[in-house]
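Order of the sequence lines fixes the chain letters, A, B, ..., with proteins taken first and strands second; residue numbering starts at 1 for each chain.
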Amino acid sequence: MAERRYDHREIEPKWQAVWASERSWEVSNEDDPRPKAYVLEMLPYPSGEPHIGHLKTYSVGDAVAHFQRRTGHRVLHPMGYDAFGLPAENNAIKTGQHPRDATRESIGQFQREFREWGISIDWTRELATHEPSYYRWTQWIFLKLYERGLAYRKEAAVQWCPKDQTVLANEQVLDGRCERCGTPVEVRQLEQWFFRITDYADRLLDDLDAIEWPEHVKTMQRNWIGRSEGAEVVFRCEELGIDYPVFTTRPDTLFGATFFVMAPEHPDVFPLAAGTEHERAVHEYVNEAVQESAEERGDQDKAKTGVPLGRTVTNPVNGEEVPMLVADYVLMEYGTGAIMAVPAHDQRDFDFARAFDLPIRRVVEPASGEAPPEDEAFAGHSGAERLVDSGEFTGMPSPEARQAITDWLDREGKGHASVNYRLRDWLVSRQRYWGCPIPIVYCQADCGMVPVGEDDLPVELPDVEDYAPQGRSPLAAAQDWVQVSCPSCGGDARRETDTMDTFVDSSWYFLRYCDAGNDRAPWDRAVLRRWMPVDQYIGGVEHAILHLMYARFFVKALADMDLLDVQEPFAKLFTQGMITRDGAKMSKSKGNVVSPATIVESHGADTARCYILFIGPPDQDADWSDSGVEGVHRFLARLWRLADQTAASSSADPPPAEPTDADIQLLHKTHWAIDKVTRDLGDGRFAFNTAIAAVMELTNECSKLRESAQPGALRFALATAASLIFPFAPHLGSEVYELLTGERVWQQPWPEADEALLESETYELVCQVNGKVRDRVPAPAEASGQELVALCRSAPNVRAHVEGREVVKEVVVPGRLVNLVVR
RNA sequence: GCCCGGGUAGACAAAUCGGCAAAGUCCGCGGCCUUAAAAGCCGCUGCUCGCAAGAGCUUGCGGGUUCGAUCCCCGCCCCGGGCACCA
């Protein structure tokens, strides 16, 4: 008989067809006594075809989903597409192909490949964010936010990308450059839509404690929110009779304030300078400063610049008149756009004072009494620093003085405790075509800004000829679409032509999956209660701030509107590492791209998926290796071949027989593997690499004992190996399990390890002398401490080392070792 | 500068509670099968000394705690990531 070979091309389509026709992964919203598990991977952005990073994300998620199903959960594991966005639009500008068509093609490619990978998706809940049936509800949520005052329009200095011709959210600017295309951004004064995420700063911060996320992701979010506690202190300009509050985290240094600085964008800068000798210089400086790119201005190494305003303000604690200046190191967007400068205790103020020869007055000293270095500011955060030259507060420890001075200011009506955040409101307008239209019209008569009625949603995205951005949205060219009658008075009105940031679309999609077919509401609250929150969310760490913060904000805002019952969308988060090749990120320009389609064709989806999970811990970056793929393929082929041979040479129901030593050995190994894999997958562990290694060990043991073990034991061991590998290699797992048992593995409960079989009757006792291993002897599992010591002492090589010396201590670790300490 | 990760054989990695360092995979070497090759199967594989038994060394570097440290503590070096003129 010719030997058959493992052929993934035959096995994989066969099982994919079974899963599709039997709708194996669909889950209903009906009552079900099993506990729920909502397993979700971040939805893909459909551009071109899936890359290796997608394969990793969905291999991880699918392993979790399968494990949850087989451990008795009803599992929601859906899929969708984040379909609006710039790449499709830029492609349209270049080729003329409508973004909708390019997106459709790409989605088709993703769907095909997800099926070829054998990912267990409930396809009845599939969605794409560019479909009117979805974005209708994105617009609905926008209107809800608007009703509550959480969506608002204001003119502000915003970041503008000259290449993409659109404004960007604060979060989408990195080092002064557009996150997407790398072009230095400009600052423009524009009227735009914002979401009031800053209202939620404290809750976004506090609730991080309630979710199981990687600590570094939480840290990134905390840093991004950037909560600072301090005080607002009022400095008064007596000449003009105007109060200028400033924010400081160090009210204890108030006596050291020797000057006062305003941001160039501060609206009072020109009025203040008017009529002074500095008026012209101030105009020149401000005009130059506002033209600087964010990158230039943000450069910390840049020398400090600024000019005097020719005015003074009064320091409220000591009545001292200090000069006012304007300088670009002060930001209009943070605090009040003006600061009190304490050069002795703030490095930036120190640098500025040095450059402009302004006085530096120390008011805080180290506890040691030692003089701090002269050439830098003394920040001192130990808590033991004390105040000097600070009037009635002199001698007070610094932290106490913060409180005392704040209280004093409050009593005098010159300030109060205050909190500031680095987080800014979320700018959601985009002057681009391929996005969700903002459902607002502007009445030409007297109604002003009017929301589109809920019944008139969706506001559908019109077709246009020219996608190219011209600094206003391409939608403005769709005359018939823009002209509309006012929902309020029926008069002439114009539609808002900006679209929404695509992060809006993806801030609620996990809610829609729960009730994807609902055409009367975005979701039914009772249905949402059955599934939310997502129990395990999986995706790349690159979304640690943007997407994950926005989604949390949406859920909190919607909960406040009494539309859902959870405070956090994602109870647990797993962030996977990148797959590199030759140590570098895969990219077309480097020519080091491995496409999932190629590897699935040549080696099969099971091999590709197993390899990606076997390569190393999934939260770490890992380097792709072609020979590593071969190794995993060999392992799967060996498991299949052993099963095929065993199935062919023995009956499915072999007669019971007295177990041989080999049978017992194999049985032990089988239960060891069950235990190992179960622990590696359970309890939020993502140790797929060691789980797969354990199945490899079991398979190797089967191979070694295939002649000596009886068919029954061999069948059990191999079927168990198939059952354990199934979450990672579902096609092969199903095939092998069926070959040996005639059953469908995914309908079987997860195997349970028999405690009694995890321990053997004897083990190898490690015998140490002074902490060094000198011998190993077999010991009975139930031996007492004294017996173990006796065994150890009689081991030949131990005797040689103990000979003629005094044993001063015996350390016994039952089940492991004995250590004799000798002198 | 601040905050997170990480550093273990030739490569990727394991060691779950302080208890045998290196499971598993790749690479390499040897053997079996074969006319030959492929596939498959079996074995070897940290360094030094030694015929061997064995001994010494080894988890980035230096110290500490401990009967015992990859693991805990202190100091330092290197790599990766995040934040950074946020008062």
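Taking the side chain of R774(A) as heavy atoms from C-beta on, and the options rA55(B), rG19(B), rG40(B), the nearest nucleotide is rA55(B). Distances were taken from every side-chain heavy atom of E697(A) (C-beta onward) to each of rC27(B), rA87(B), rG24(B); the shortest belongs to rG24(B). Of the listed nucleotides (rG24(B), rC26(B), rA87(B)), rA87(B) has the atom at the smallest distance from the side chain of I339(A). Side chain of N819(A), nearest nucleotide from rC67(B), rC85(B), rA55(B): rC67(B). Distance from the side chain of N797(A) is smallest to rG54(B) among rC83(B), rG19(B), rG54(B). Closest to the side chain of V811(A), out of rU25(B), rC67(B), rC83(B), is rC67(B).
Annotation: rC12(B) and rC17(B) have their C1' atoms spaced 27 Å apart (nearest Å). Remark: the separation of the P atoms in rA23(B) and rA39(B) is 25 Å, to the nearest Å. The separation of rA11(B) from rC47(B), taken at their P atoms, amounts to 13 Å, rounded to a whole angstrom. Straight-line distance between the C1' atoms of rG75(B) and rA22(B): roughly 28 Å, to the nearest whole Å. Comparing rA21(B) with rU25(B), their P atoms sit 22 Å apart, to the nearest whole Å.
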Counting primed atoms, P, OP1 and OP2 as sugar-phosphate and everything else as base, the B/S/- map of nucleotides 8-16 of chain B against protein heavy atoms under 4.0 Å is ----SSS-B
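A salt bridge links R222(A) to D209(A): one of the charged nitrogens lies within less than 4.0 Å of a carboxylate oxygen. Looking at D202(A) and R227(A), a side-chain N of the basic residue comes within less than 4.0 Å of a carboxylate O on the acidic one, giving a salt bridge. Looking at E810(A) and R793(A), a side-chain N of the basic residue comes within less than 4.0 Å of a carboxylate O on the acidic one, giving a salt bridge.
In this pair, Y6(A) and W640(A) present their aromatic rings tilted. The plane angle is within the 30 to 60° band. The aromatic rings of F260(A) and Y244(A) sit tilted, their planes meeting at an angle between 30° and 60°. Ring geometry for F688(A) versus F728(A): interplanar angle over 60°, hence perpendicular rather than tilted (30 to 60°). Ring orientation note: the planes of F247(A) and Y334(A) are nearly perpendicular, at an angle over 60° on the 30°/60° scale.
Across all strands shown, S625(A) has no heavy atoms under 4.0 Å from either base or sugar-phosphate atoms. Residue contacts for V246(A): at a heavy-atom cut-off of 4.0 Å it reaches no nucleic acid atom on any strand shown. Here V821(A) lies in heavy-atom contact (under 4.0 Å) with sugar-phosphate atoms only. Using a 4.0 Å heavy-atom cutoff across all strands shown, N700(A) reaches sugar-phosphate atoms only and no base atom.
For rC57(B), the OP1/OP2 oxygens have a side-chain nitrogen or oxygen of K772(A) closer than 4.0 Å. Not one side-chain nitrogen or oxygen of T305(A) sits closer than 4.0 Å to the OP1 or OP2 atom of rC85(B). Remark: H801(A) is in phosphate contact with rA55(B), judged by side-chain N or O atoms under 4.0 Å from OP1 or OP2. Of the side-chain N and O atoms in R638(A), one or more sit less than 4.0 angstrom from OP1 or OP2 of rC41(B). Residue R422(A) places no side-chain N or O under 4.0 Å from the OP1 or OP2 atom of rA87(B). Of the side-chain N and O atoms in R5(A), none sit less than 4.0 angstrom from OP1 or OP2 of rG40(B).
In this structure, rC73(B) shows a glycosidic angle more than 90 degrees from zero, which is the anti conformation.
Pairing for rC83(B) goes to rG1(B), judged as Watson-Crick or G-U wobble with the two contacts each under 3.5 Å.
Here rA87(B) presents its C1' atom at 13 Å from CG of D252(A), a figure rounded to the nearest Å. As rounded to whole Å, 22 Å separates atom P of rG24(B) from atom CZ of F688(A).
Between L817(A) and V632(A), the residue whose closest nucleotide on RNA chain B is further toward the 5' end is L817(A).
When only modelled atom types and interatomic distance are considered, S228(A) and N420(A) share no side-chain donor-acceptor pair under 3.5 Å.
Ring-centre distance between W624(A) and Y611(A): below the 6.0 Å cut-off.
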